[in-house]
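Indexing begins at 1, ligand by ligand and atom by atom, following the structure's order. This is a predicted model, so every value here is computed, not measured.
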Amino acid sequence: MKLAVIGSGYVGLVAGAGFSDFGNHVTCVDIDPSRIERLRRGEIPFHEPGLSELVQRNARQGRLVFTTDTAEAVRDAEVVFLAVGTPSRPDGSADLSYLFEAARQVGRSLTGFTVVVTKSTVPVGTGDAVRDAIGQVTSQRFTVASNPEFLKEGDAINDFLKPARVILGSDDPQAIDILRRLYTGFLRTSDRIQVMDLRSAELTKYAANAMLATRISFMNELAALADKVGADIEKVRKGIGSDPRIGAKFLFPGVGFGGSCFPKDLRALHDMGKANDVRLGIIECAIEANTRSKQAFAARMIERLGGSLAGKRIAIWGLAFKPETDDIREAPALDVIGQLRSKGAAIVGYDPIAGDNVRALLGNSISLVDDPYGAADGADAIVLITEWHQLRQPDFARLRKAVRTPLLFDGRNVWDPVAARRAGFEYIGIGRPSGG
Ligand code: NAD
């Protein structure tokens with residue numbers, strides 16, 4: 001099948017590479033010429049495990065091409081995916097300006113019947129508005145469908161090529177037939193396609209992210225209580241996670257969630273509730289609890305270090321919003337760094353791959369080093385924010401020799417408190433007052 005993907009970011013590039021790997025001819029479009037230039041040279045503009053090989057293989061074999069020219073990509077394409085960003089506006093609502101701009105460009109480029117699919121995460125009703133916007137600029141026949149994306153950064157290829165489910169939203173049987181055909185290759189073991197109307201598909205994506213984020217906020221609130229009452233949230237987590245009705249995933253307490261999706265999607269969902277006069281109190285609480293978690297974590301450090309952090313040096317381990325990505329959009333590390341700096345701390349950060357993005361954002365206001373042990377040199381505290389594998393079992397004895405003050409803050413509860421104490425550290429985790 002001939003496909004076009006508009007927007008070559010995390011979602012568009014993974015989808016484009018994934019579809020081409022199944023034998024389709026895919027043209028990926030982006031408005032950023034330097035991004036397209038790099039992609040043509042086989043360079044991936046961000047870190048995603050396995051993506052480079054997938055892109056290079058399919059590009060080499062001629063099934064995956066890159067352009068800044070939407071018209072060239074859309075001409076003769078049977079299906080066009082819109083995968084541009086839908087960031088937050090200052091009031092929390094989703095900014096759909098990129099999406100409608102892309103939709104109008106696609107509309108003006110249509111040369112025959114085409115299925116236009118929103119893959120971006122969009123508020124309910126956007127698909128209908130996209131249909132109107134395209135209808136105003138073309139006389140060609142087209143149909144609009146929703147196919148929200150559920151991939152996780154860091155494991156995106158696996159999620160895309162082996163999806164837990166594929167949601168197809170449309171009332172048009174022809175659109176569903178074409179999209180079904182496109183996805184059949186991905187779903188050999190079982191048919192995991194769910195067909196629904198466009199609006200339900202749009203809402204399903206927000207509902208999924210809101211449920212996952214709410215579980216995290218729920219655990220973070222309970223962790224704060226565990227801290228006060230002398231319970232260990234890690235034991236509580238295992239205790240409830242073993243109940244099949246609850247399940248063990250997304251129950252990990254921590255410094256708070258961040259990233260390019262959860263925070264903005266919760267805000268957009270909350271805004272949708274407001275616009276429709278429906279109070280989404282749970283979503284509101286999940287957002288507030290997340291803000292409190294990040295503040296409480298930093299406040300605990302500030303209190304433990306005596307209020308003023310002037311002259312204190314703090315090592316931050318992990319800057320990306322989660323492991324296996326260099327994405328720092330709304331990364332909790334940035335929040336924590338901001339709070340520590342406002343009290344005068346000097347920050348030395350380490351991340352296996354997100355350092356360049358942090359440098360571009362924060363400039364020289366923090367130091368960045370290439371080695372976690374180097375970051376710990378002369379530090380008054382080591383703080384784990386992103387639980388990269390390589391940071392999970394540090395050599396505490398070596399760290400003890402490097403630091404000025406033997407103090408650990410484990411923002412993900414992954415370090416062994418007993419081993420840390422044995423090496424002479426004071427260990428402070430999240431909701432584990434007795435320290436495991
Ligand atoms: P991104 O910012 O990485 O990529 C978007 C790309 O679109 C950019 O490269 C931008 O230059 C390009 N673009 C903007 N306007 C364009 C236009 N008119 N024509 C061509 N290209 C254009 O965004 P992302 O993280 O890939 O997210 C895209 C959408 O997918 C968002 O709605 C997001 O919520 C959703 N989503 C993201 C993830 C994720 O993990 N990142 C997962 C599921 C869904």
Side-chain angles (χ1 to χ4, degrees), residues 4-18 27-39 44-49 51 66-74 80-89 93-109 116-123 126-127 130 133-134 146-160 163-167 201-202 204-210 212-213 257-269 320-322 324-331 357:
V5 180
I6 314 298
S8 304
Y10 286 85
V11 167
L13 198 53
V14 169
T27 307
C28 281
V29 184
D30 207 282
I31 40 169
D32 178 352
S34 65
R35 174 162 288 214
I36 292 300
E37 267 317 304
R38 288 183 67 186
L39 285 166
I44 307 300
F46 49 83
H47 177 84
E48 182 58 49
L51 185 58
F66 302 99
T67 182
T68 52
D69 184 348
T70 303
E72 175 194 319
V74 169
V80 176
F81 288 91
L82 300 174
V84 300
T86 50
S88 276
R89 285 206 198 93
S93 62
D95 178 353
L96 299 175
S97 55
Y98 301 100
L99 186 89
F100 283 111
E101 183 53 32
R104 282 187 292 268
Q105 287 164 349
V106 168
R108 285 193 288 269
S109 308
V116 180
V117 183
T118 47
K119 207 168 221 340
S120 301
T121 302
V122 294
T126 303
V130 162
I134 295 178
S146 164
N147 170 220
E149 183 50 58
F150 295 93
L151 62 77
K152 302 183 285 298
E153 285 178 26
D155 198 20
I157 306 291
N158 205 27
D159 286 340
F160 190 80
R165 79 304 213 181
V166 172
I167 303 279
E202 290 169 336
T204 300
K205 172 64 194 176
Y206 283 102
N209 276 358
L212 295 172
F257 59 75
S260 64
C261 291
F262 284 4
K264 85 163 170 70
D265 290 349
L266 261 66
R267 288 191 294 265
L269 182 57
F321 88 89
K322 68 171 183 176
E324 296 301 335
T325 182
D326 61 353
D327 197 341
I328 58 163
R329 290 179 279 186
E330 301 204 38
N357 287 341

Participant: Among protein heavy atoms, which sits nearest to atom 41 (N) of ligand 1, and what does the distance come to when rounded to 0.1 Å?
Facilitator: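 Answer for atom 41 (N) of ligand 1: Glu153 OE2, 2.8 Å.
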
Participant: At less than 4.0 angstrom from any non-hydrogen atom of Gln105, what atoms of ligand 1 do you find?
Facilitator: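 Heavy-atom distances to Gln105 below 4.0 Å select 17 (C), 18 (N), 19 (N).
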
Participant: One residue to check: Asp327. Relative to ligand 1, which of side chain, backbone, both or neither has a non-hydrogen atom less than 4.0 Å away?
Facilitator: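 Asp327 to ligand 1: no contact under 4.0 Å from either part.
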
Participant: Are Cys28 and Ile36 close enough that some pair of their side-chain heavy atoms sits under 4.5 Å apart?
Facilitator: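 No, too far: nothing below the 4.5 Å cut-off.
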
Participant: What's the shortest distance from atom 19 (N) of ligand 1 to any protein heavy atom, and which residue and atom give it?
Facilitator: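 Result: Ile6 CG2, 3.5 Å.
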
Participant: Give me the residue, atom name and distance of the protein heavy atom closest to atom 43 (C) of ligand 1.
Facilitator: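 Nearest neighbour among protein heavy atoms for atom 43 (C) of ligand 1, to 0.1 Å: Glu149 O, 3.2 Å.
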
Participant: Within a strict 4.5 Å, meaning less than it, do heavy atoms of the Phe100 and Val130 side chains meet?
Facilitator: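 Yes. Closest side-chain heavy atoms under 4.5 Å.
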
Participant: Relative to atom 42 (C) of ligand 1, which among Ile36, Leu151, Leu13, Thr118 owns the nearest non-hydrogen atom?
Facilitator: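 Looking at heavy atoms only, the winner is Leu151.
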
Participant: Can you tell which of Val11, Val29, Ile31 gets a heavy atom nearest to atom 15 (N) of ligand 1?
Facilitator: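 When every heavy atom of Val11, Val29, Ile31 is considered, Ile31 comes closest to atom 15 (N) of ligand 1.
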
Participant: Rounded to the nearest 0.5 Å, how far apart are CD of Glu48 and CG of Asp155?
Facilitator: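 Here the interatomic distance stands at 7.5 Å.
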
Participant: What atoms of ligand 1 come within less than 4.0 Å of a heavy atom belonging to Gly85?
Facilitator: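 Within the 4.0 Å cut-off of Gly85, ligand 1 contributes 5 (C).
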
Participant: Is the closest basic N to carboxylate O distance between Arg329 and Glu153 below 4.0 Å?
Facilitator: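 A salt bridge links Arg329 with Glu153.
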
Participant: Using a heavy-atom cut-off of under 4.0 Å, does the side chain or the backbone of Lys152 touch ligand 1, or both, or neither?
Facilitator: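 Lys152 to ligand 1: no contact under 4.0 Å from either part.
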
Participant: Quick check on contacts: which atoms of ligand 1 are under 4.0 angstrom from a heavy atom of Lys205?
Facilitator: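 It comes down to these atoms of ligand 1: 43 (C).
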
Participant: Give the contacting part of Glu48 toward ligand 1: side chain, backbone, both or neither, where contact means a heavy-atom distance below 4.0 Å.
Facilitator: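 Contact part for Glu48 vs ligand 1: neither.
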
Participant: How far is atom 4 (O) of ligand 1 from the closest protein heavy atom, and which atom is that?
Facilitator: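 Result: Gly9 CA, 3.2 Å.
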
Participant: Within the 4.5 Å heavy-atom criterion, are Thr118 and Ser120 side-chain neighbours or not?
Facilitator: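 Thr118 does not reach Ser120 side chain to side chain.
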
Participant: Does Phe150 have Arg165 sitting over its ring (NZ/CZ under 6.0 Å from centre, angle to axis within 45°)?
Facilitator: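 Geometry flag: set, cation within 6.0 Å and 45°.
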
Participant: Near Arg35, which atoms of ligand 1 are under 4.0 Å from a heavy atom of that residue?
Facilitator: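 Matching atoms, with element in brackets: 9 (O).
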
Participant: For side chain to side chain donor-acceptor pair (under 3.5 Å), just list the numbers for Asp95 and Ser97, CA-CA rounded to whole Å, side-chain angles, deciding distance to a tenth of an Å, and then say yes or no.
Facilitator: CA-CA 6 Å; Asp95 178 353; Ser97 55; 2.7 Å; yes

Participant: Measure across Val29 and Ile6 and return the closest heavy-atom pair with its distance rounded to 0.1 Å.
Facilitator: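 That closest heavy-atom pairing would be CG2-CD1, 3.7 Å.
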
Participant: Between Ala102 and ligand 1, find which residue part has any heavy-atom pair under 4.0 Å and reply side chain, backbone, both or neither.
Facilitator: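 Both backbone and side chain of Ala102 come within 4.0 Å of ligand 1.
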
Participant: Salt bridge check: are Glu101 and Arg104 linked by an N-O gap of less than 4.0 Å?
Facilitator: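 The answer is yes: the pair qualifies as a salt bridge.
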
Participant: When you measure from atom 31 (C) of ligand 1 to each heavy atom in Leu99, Thr86, Thr67, which option holds the nearest one?
Facilitator: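 Looking at heavy atoms only, Thr86 sits closest to atom 31 (C) of ligand 1.
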
Participant: Checking Asp30 side chain against Arg35 main chain: does a donor-acceptor pair fall under 3.5 Å?
Facilitator: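 Not at all, since once roles are kept as given, no pair shorter than 3.5 Å links the two residues.
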
Participant: Using a strict threshold of under 4.0 Å (side-chain N to carboxylate O), is an ion pair present between Glu330 and Arg267?
Facilitator: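 The answer is yes: the pair qualifies as a salt bridge.
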
Participant: Provide, to 0.1 Å, the distance between atom 7 (O) of ligand 1 and the closest protein heavy atom, together with that atom's residue and name.
Facilitator: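 The protein heavy atom lying closest is Gly7 CA, 3.4 Å.
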
Participant: Is ligand 1 under 4.0 Å from a heavy atom in the side chain of Pro148, in the backbone, in both, or in neither?
Facilitator: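 It is neither; nothing of Pro148 touches ligand 1.
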
Participant: Among protein heavy atoms, which lies nearest atom 25 (O) of ligand 1, and at what distance?
Facilitator: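 Going atom by atom, the protein heavy atom closest to atom 25 (O) of ligand 1 ends up being Arg329 NH2, 3.0 Å.
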
Participant: Looking at Lys264, which atoms of ligand 1 are within less than 4.0 Å of one of its heavy atoms?
Facilitator: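 Every atom of ligand 1 under 4.0 Å from some heavy atom of Lys264: 33 (C), 34 (O).
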
Participant: Please determine whether side chain to side chain donor-acceptor pair (under 3.5 Å) holds for the pair Lys264 and Thr86, giving the CA-CA distance in whole Å, both sets of side-chain angles, and the decisive distance to 0.1 Å.
Facilitator: CA-CA 9 Å; Lys264 85 163 170 70; Thr86 50; 3.3 Å; yes

Participant: May I ask you to test the Lys205-Glu149 pair for a side-chain heavy-atom distance under 4.5 Å?
Facilitator: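 No, every pair of side-chain atoms sits at 4.5 Å or beyond.
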
Participant: Within ligand 1, which atoms have a heavy atom of Tyr10 less than 4.0 Å away?
Facilitator: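 Listed by number with element: 3 (O), 25 (O), 26 (O), 41 (N).
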
Participant: Which option, Val84, Asp30, Val122, owns the non-hydrogen atom nearest atom 12 (C) of ligand 1?
Facilitator: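 Residue with the shortest heavy-atom distance to the ligand atom: Asp30.
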
Participant: Around atom 35 (C) of ligand 1, find the nearest protein heavy atom and jot down its residue, atom name and distance.
Facilitator: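 Scanning the protein heavy atoms, the shortest distance from atom 35 (C) of ligand 1 goes to Thr121 OG1, 3.4 Å.
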
